[in-house]
Every structure is written in C-alpha cells, then in structure tokens.
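Only one structure is covered here, and it is reproduced in the block below.
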Amino acid sequence: MTELRQRAVREPDAPPEDKESESEAKVDGETASDSESRAEAAPLSTSADDTPEVLNRALSNLSSRWKNWWVRGILTLAMIAFFFIIIYLGPMVLMIIVMCVQIKCFHEIITIGYNVYHSYDLPWFRTLSWYFLLCVNYFFYGETVTDYFFTLVQREEPLRILSKYHRFISFTLYLIGFCMFVLSLVKKHYRLQFYMFGWTHVTLLIVVTQSHLVIHNLFEGMIWFIVPISCVICNDIMAYMFGFFFGRTPLIKLSPKKTWEGFIGGFFATVVFGLLLSYVMSGYRCFVCPVEYNNDTNSFTVDCEPSDLFRLQEYSIPEVIQSVIGLTTVWMYPFQIHSIALSTFASLIGPFGGFFASGFKRAFKIKDFANTIPGHGGIMDRFDCQYLMATFVNVYIASFIRGPNPSKLIQQFLTLRPDQQLHIFNTLRSHLADKGMLTAATEDE
Amino acid sequence: MLELRHRGGCPGPGGAVAPPPREGEAAGGDHETESTSDKETDIDDRYGDLDSRTDSDIPEIPPSSDRTPEILKKALSGLSSRWKNWWIRGILTLTMISLFFLIIYMGSFMLMLLVLGIQVKCFHEIITIGYRVYRSYDLPWFRTLSWYFLLCVNYFFYGETVADYFATFVQREEQLQFLIRYHRFISFALYLAGFCMFVLSLVKKHYRLQFYMFAWTHVTLLITVTQSHLVIQNLFEGMIWFLVPISSVICNDITAYLFGFFFGRTPLIKLSPKKTWEGFIGGFFSTVVFGFIAAYMLSKYQYFVCPVEYRSDVNSFVTECEPSELFQLQSYSVPPFLKAVLRQETVSLYPFQIHSIALSTFASLIGPFGGFFASGFKRAFKIKDFANTIPGHGGIMDRFDCQYLMATFVHVYITSFIRGPNPSKVLQQLLVLQPEQQLNIYKTLKTHLIEKGLLQPTLKV
C-alpha cells in the first residue's frame, strides 16, 4: 500500500480530529499492513473542505466541534427542504432526480475503483464504464417506458419499433461494449482491466437496478416512494440522537459509534413516525394514486379513486391497549399497517446496508465516498441504506399489494397468436361468467 | 497486505515461492517510491501490493496430476507425445459428443439436470480460482456463503421457471401455491439473510479480501447462473433451440481449429496467438453450412421441434404438438445466380433454417469473443486452464466459455423475433387481477377480437 500512503501524505492534512469517523479509522481501520508504518496511517483523504464560504464565515466564531455539528445540521435541513421541493414539483422531476443520483453514485464508486487500482491510464476504460451505464439504463428505461407509456408508444412508429425489438437492441448495444472490452485488453494490464470490468458490473448491479426499482415504486404511488425513504432518513437521525443521549453498548465492531440504545430507540421512533406520516399522506390523492400518463394532456396525472388501502377503516383495539387509550376501536388506513412493516425493515435491516458501506470504506481505506456534500461526504454516503429499502418495497408491493399490471397484460395479449388469444379470451369469459360478473348488458356492448 | 504475504510463505499450492515474495516486495517497494512519476514502470508492479503479489510472484498454478485414465495411456504408449496429446483430445471430444447424444435421447428432464450440473461445476471452478488468487481458504464463512448465494439465486430462477411451465401441476398442490405466490418475497428474504451474514462475518483484518470474494461471487453468479437459466428457457421452447446453437458453437470451435491447423497463417488477435484469420473465416462458412443442414435434419421430428410441456395426467414431459409454421416446409424461389448452380426454380426449406443462419453467424463471429474473454481472464490470473476436469481439455468452463454469449443471444432472439409471451403465463396473471380489472380487460379484448374478425359480434354467453 505504500503508494496509497504516499498519496495520503501528500494530500492536505485530514480535517480536524473531531470528525467521528476518523477516530474510528485510527482504531479500527488499521490492518496488519498498516502496522508497519502507523505514523503515516492517514486514510486516503478526500479533497479540501467544500463548505461554502458563507457558512464558514457565519460559524467562524464557534469552536470547531460545534461548527462541524452545525454544518451537518444545516446541510441536513437543506437536503430535507430540497426533498420537499422536489416532491412538490411532481413525478417527472422526481424521476430525473433519481436518475441524477444514480449517475452520481455510479461515478463515485467508479472513481474509487480508479483510485484503488490506479487505472487512470487504462485505455478505453472510462469510456467503456460510461457506455455500460448507458446501455443498462437504456434497457431499464425502455422497459419502464414500454410498460407505463403504452399508448404513447403505440402511436409513434419509431417508438413502436424500438419497443418491439427492445431487448434485442439493448443486447446488441451491450455486446458491442463487451467486444470493445475484449479488443481493448492490453498485455500488461489484463488483471487491472478485468478488475475494473468486474467492478463496473457490480456497481451497475447495485446502483442501476435499485434506482429503477425506486422508479417503479414511484409509479405505484408517490406514497410508496416517500414513506420508505423518510423512514430510512428518520431512522438515521433518531438512531443518532438516541445514541448521542443514551448510547452505551456498542452494536457492531464494524461501526463502533453505533449503539444498541440508538438502534432500538431508532426502531421504535421510526415505527411511530411511519404510522404518523402514512396517516397524514393517505389523505391526499396526489400521493396515493398511481402515476399515469395522460395522452390527452401529454403529462403525468395522479388522479384516481383511492384503493381500499387508502380508505379509513375501523379496527378494534386489542384489550391490552384498550385500557391505555380508552377507545374500543380506532380509525386507520390499512396502509398504516403496511407502513409498520416498511418501518421495521428500515430500522432493522436497513442499517446492514450502512454497515456494508462502512466495511467497504474500511476495506479500501477511504473516509467518505466523495466530498460532494459538506459535512456528509458523498451522495453514496447518504444513500447507502436506501438501496436495500428500495428493493424491499418493490418486492413487498409485488408480493402483497398489487397484482400484475393490466396494461402490460393487454400489451402481451396483443402479441400472441390469434388462436392463443381466442383461447385466453374464452377462458377469461367462462371465469367471469362463473363469478357472475357477466351480465347481458356487457355482452351486448 | 502484509499478512497475505506471510501466508504466501506457508506451504500450499504455491508453497515453493516462499522466498521470492520478500524479494519481490522489497523490489516492489523500491519501485513504488519512484513509480508514480516513472511511467515506464510496469503497471503490474504497482498494483501488486493490492493483491499481495506482483506478476513475478504469482506461480503458474500447476495443473494437478495427469488425469488421463490408465487405459488410454497404455493404448497410446507407443506414439510420440505430440500425437499422444492429439489423440487424447480427439478421444475425449468424441466421448463428450456421444455423452451429449445420449442425454438428448434420454429427454428434456435429463438435459435440465445436465445443465444444472454444468452450472454448479462452472461456478465451483471460478470460485476456486478466486480462492487461489486471493489465498482465501481460511476466510471465515466464505465458502458457505458462496454456495448459499448460489442456492438462493438458483431457487429464485427455478421458482420462476416452475411457476411458468408447470402451472397446472402447481395449481394442485396447496403448499406450492403459497410458495409461488410469495416467491419473490421468499427469495429476497433468503438473499437478505445471506447478505446480513456477510456483513456480520466481516473480520477486521480481512475486509478487502472479503469484499473481493463477495464481488467475485456475484459476478460469477451473474455469468453462470443467469445464462444457464436462459439455456433452460430455450430448451423449453423446443429442443432444437437448444441443440442447434450449442452444436454450432462446437462445430465452429472444431472447424476453426482444423482450418487453422491446415491453412492458418495470419494471426487473429494478440490475446490468443493460436487463432488465425483463415481459421476464423473457414470456421464461419463451415458453421453456417453445418447449421443449415442440422436445422434441416432436426426440423422433421416433433421430438425436437415442439415446446416441452408438462402433462399432469402423465406426470412427465411431453413434446407433442402441431409443428408451428417455422417447422413446415415452404417453397422459396431461388435467387437467379444460384439457379444455374442448382438447376431448380424453387427449393423447399424450413423457415427455421433461415433463422439457423443467423444463429450460426452469431456463433462464428461473436461467440469467439467469449473465448477471448476467457483467454484474457486466464492470462490475467496466470492460469493455464480453469480446472483439470477433462483430460486434454481442461475444465468445464474451458469447454463452455463460448456458449454463454450464445445462450443469451438465442433467448433474446426468440423473445424478439419468434414467440410472443407465454400464453399460460398471461392467463395466469389475468386470473390474479381484481374482478373490475378483469372486466375492463375483457371488454378491451372483446373489442380487439371483434375488430380482427376472430369473434362474431353477436356471440351469446
């Protein structure tokens, strides 16, 4: 690792010691290879302090510990405010933001790979990484667009062809990248190139697929996007607060600052938060309805009859709690029950995503993924717990909430052979007739 | 990474290199002080310490002892060793081809098992290479976790396959119904358990190694498991979609080798110095012809051409159907310049033969890139063969490296150009919808079918 240490030595001094993770690094990040030169064990530090001048001046009077706390706090509020603004702006802007976050995360992780392997000079490799990102995004966005913008796609001839042969086109694009990779293999750099190839693919797997699951969740209804993300953020903040005030027993060797008190306190706080938030949000159509593309107005609309999940129902309280609350029944949205499951996952399993990222940073001796957000590190640092959450929500929806997408089914039906279509139609008709849903009126339409 | 170098000194497969790592390390250390500005330094030296050795340190992982059966050795003891090697390869090739025919004869279920077996073996080979590269035999949990992830991903894919193709069988059994309905959730939960175990197993000194092996496992899963399931999906489409592509790749391998042997002169790519342009082009033309003929011969038999279905009454796989248009002889008019040669106005071909030209072209032109990828991989990690399972040929991966791209291509080809979605799957999903949605769809479908003239408008219930 000598050249890594050398680069660390040549970098400006690491930010002041009160940054919590640095002490972690000193305690925990030293592997045996560091033991031989503990003096230079500064981790690969990120570039100079990015805090805007405004903040620096405003906080110049406070001691540096509180200054750090304030910087983090202000940036946290700024990010949350930004989040609200984007929600207000609507689904299209949200999609674009998700895509930007995805690209930035990809860029951060790939840059780490370059740093680790010193592969700036590898021929082609930057181009190829971005090319693969483009291919995989094209594939996923194509599938999404085909599903949700079905009518729009059918109208435009070039779009229709692109969508019919979508898989083939995506595969061809990917193959071109693959062949370029093989042709770019240079004798002395084989291993490096394979490493970067593997690194790129794993990063794509993590970053791009999850971001598309986020967008699928979004289309299901903005509440399925907002509640999970807020629960993870709330859990982060609550666990930090509980740990700050009551923390005593360390949770895991990997992150010495996490404590059991923070973990459990965060869990309960997040469940309560999730219940309250879902109650507030379930009342509004713009959050609850699936996002649809309206052909006439050529824009996204969120207008529908809210499904059963979002209609108040009466639940009888178990006797245990009846004495406490003094009510026999309570009015809740069924979605709130689901939100308990989501919050539980966010509090119990979400942190594992954070531990994974901590382990990754420790393994590659970096303090933060990047230095995009002052006081917080890179975008990946903020989103590491979200990824597992996005997949979970998607799987949850697919398994417990909705069935298959009706417009997609119609689409698939139309591509079948006529005899298959007739067969399915007849089966469906007998099924509906059994259920008594077919009346003479519908038959005569 | 000091401890890795220490471990390199322990006796093991690369045990003989205990002294050199120290020298290499010292030399590497000297190199590195000036390497950042010294562009001439071999870049391999610089990243050497990231995986605990420079290129000079890595021993050629010696092939394990010769596994040629004794009987062959005795039979060939008379010949010189070059011809002996040639004979061993030849005999093993014929053996593998006969085994292939035998399993085809035994039916689709055996083929599925064979594909599964090959997948597991390929996974094992690649993971073993990873262990050797990273000397990670002693990592806690890691072997268990790798196999666990393999199990999870296979469970996920097989579950989806079973749900699609065995719909009638599944409807009968109550427990299977439950498993199918919540299949994704169960698979995800299983995967998460593995993920959490991985995080909990991170050990202070071995972080980087563990992350490497985690990534290695996932990339391997991505390559081997997904492709093998695409192979099985192709198989269910009709055994011909499984046989013709695989035979085309094998034929291309063999004929490119033969053409290169007899006529080879111009090297094709630096990565594999033994490949030549003559072999490449000769292999291309012979594979197209071979594919054409094989498609012609196989298209006649229902056994190969029909989609594989599971019949609940017989409780087995059957391949019986009315062959689709692809597999019915049609008359094509011969283009004028061929008329003189063939002296016929029209020729009767199966439309599938036209498709087989596309498949053979892919097998000959792009398939070799899979082989180059594997060669580059072997060169990068300084191994001669993936393993030593097949005498004279190396490991299973060595035989199947070109097949993987092929399987994906065939699958994409089928879904794009041949068949639409699976009708029983569409029906299944329809029946799961809410009644109002079903009614809406029913009305839409009815309108569509009436427009197409498939339905009489006044049809009563």
Side-chain angles (χ1 to χ4, degrees), chain A residues 1-3 28 31-33 36 116-118 165 167-168 171 175 178-179 182 185 188-192 194 198 201-202 205 254 349 352 355-356 359-360 362-364 391 395 398-399 403-404 406 409-410 412-413 415-416 418 420-422 424-425 427-429 431-433 435 437-438 443 445, chain B residues 1-3 29 32 35-36 42-44 46-47 49-50 182 184-185 188 192 195-196 199 202 204-205 207-208 211 215 218-219 222 270-271 366 369 372-373 376-377 379-381 408 412 415-416 420-421 423 426-427 429-433 435 437-439 441-445 449 454 460-461:
Chain A
M1 301 290 155
T2 37
E3 71 278 15
D28 222 340
T31 64
S33 59
E36 63 206 38
V116 169
Y117 291 113
H118 300 285
Y165 299 109
R167 284 198 180 181
F168 191 73
F171 183 63
L175 266 189
F178 183 84
C179 295
V182 171
L185 287 173
K188 291 194 191 306
H189 306 304
Y190 289 147
R191 188 184 288 223
L192 252 193
F194 272 93
H201 278 67
V202 175
L205 194 70
L254 199 46
I349 310 291
F352 277 90
F355 299 149
F356 187 83
F360 180 83
R362 238 168 264 278
F364 295 100
T391 318
V395 170
S399 301
L409 278 182
I410 293 182
Q412 288 183 322
F413 182 86
T415 58
L416 288 174
Q420 292 170 320
Q421 290 182 346
L422 269 175
I424 290 182
F425 178 75
T427 314
L428 183 63
R429 183 166 62 182
H431 175 81
L432 284 174
K435 284 201 156 197
M437 305 228 16
L438 282 184
E443 276 299 283
E445 277 174 21
Chain B
M1 293 291 158
L2 193 57
E3 73 279 11
E32 279 142 23
S35 64
T36 46
D42 189 344
I43 198 167
D44 290 304
R46 275 202 270 149
Y47 66 77
D49 61 358
L50 288 172
Y182 299 110
R184 283 200 182 181
F185 192 76
F188 183 63
L192 266 190
F195 182 84
C196 295
V199 171
L202 286 172
K204 188 164 160 181
K205 294 192 191 308
Y207 289 145
R208 189 182 288 224
F211 272 93
H218 278 68
V219 176
L222 194 71
K270 284 192 301 295
L271 199 46
I366 310 291
F369 278 90
F372 299 149
F373 187 83
F377 181 83
R379 235 167 266 274
F381 294 100
T408 319
V412 170
T415 48
S416 299
V426 176
L427 188 58
Q429 290 182 316
L430 270 178
L431 294 174
V432 172
L433 286 174
Q437 292 172 314
Q438 286 180 341
L439 203 55
I441 292 184
Y442 174 75
K443 290 182 197 162
T444 316
L445 297 186
L449 286 174
L454 291 169
K460 297 285 183 223
V461 174

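First the proteins, then the strands, lettered A, B, ... as listed; each starts at 1.
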Quiz item: With B:V219, which residues qualify under side-chain contact (heavy atoms from CB on, under 4.5 Å), at least two apart?
Solution: A:V202, B:I223
Self-check item: B:F373 versus chain A, the contacting section by heavy-atom distance below 4.5 Å
Solution: both
Quiz item: So which part of A:F171 gets closer than 4.5 Å to some heavy atom of chain B, the side chain, the backbone, both or neither?
Solution: side chain
Quiz item: Do A:Y190 and B:F377 come within less than 4.5 Å of each other through their side chains, counting heavy atoms only?
Solution: no
Quiz item: More than 12 foreign heavy atoms under 6.0 Å from CZ of B:R379: is that the case here?
Solution: yes
Self-check item: Sequence-distant partners of A:Y165, ring-ring contact (aromatic ring centres under 6.0 Å, His included), two or more places apart
Solution: B:F417
Self-check item: B:F211 portion near chain A, given a 4.5 angstrom heavy-atom threshold
Solution: side chain
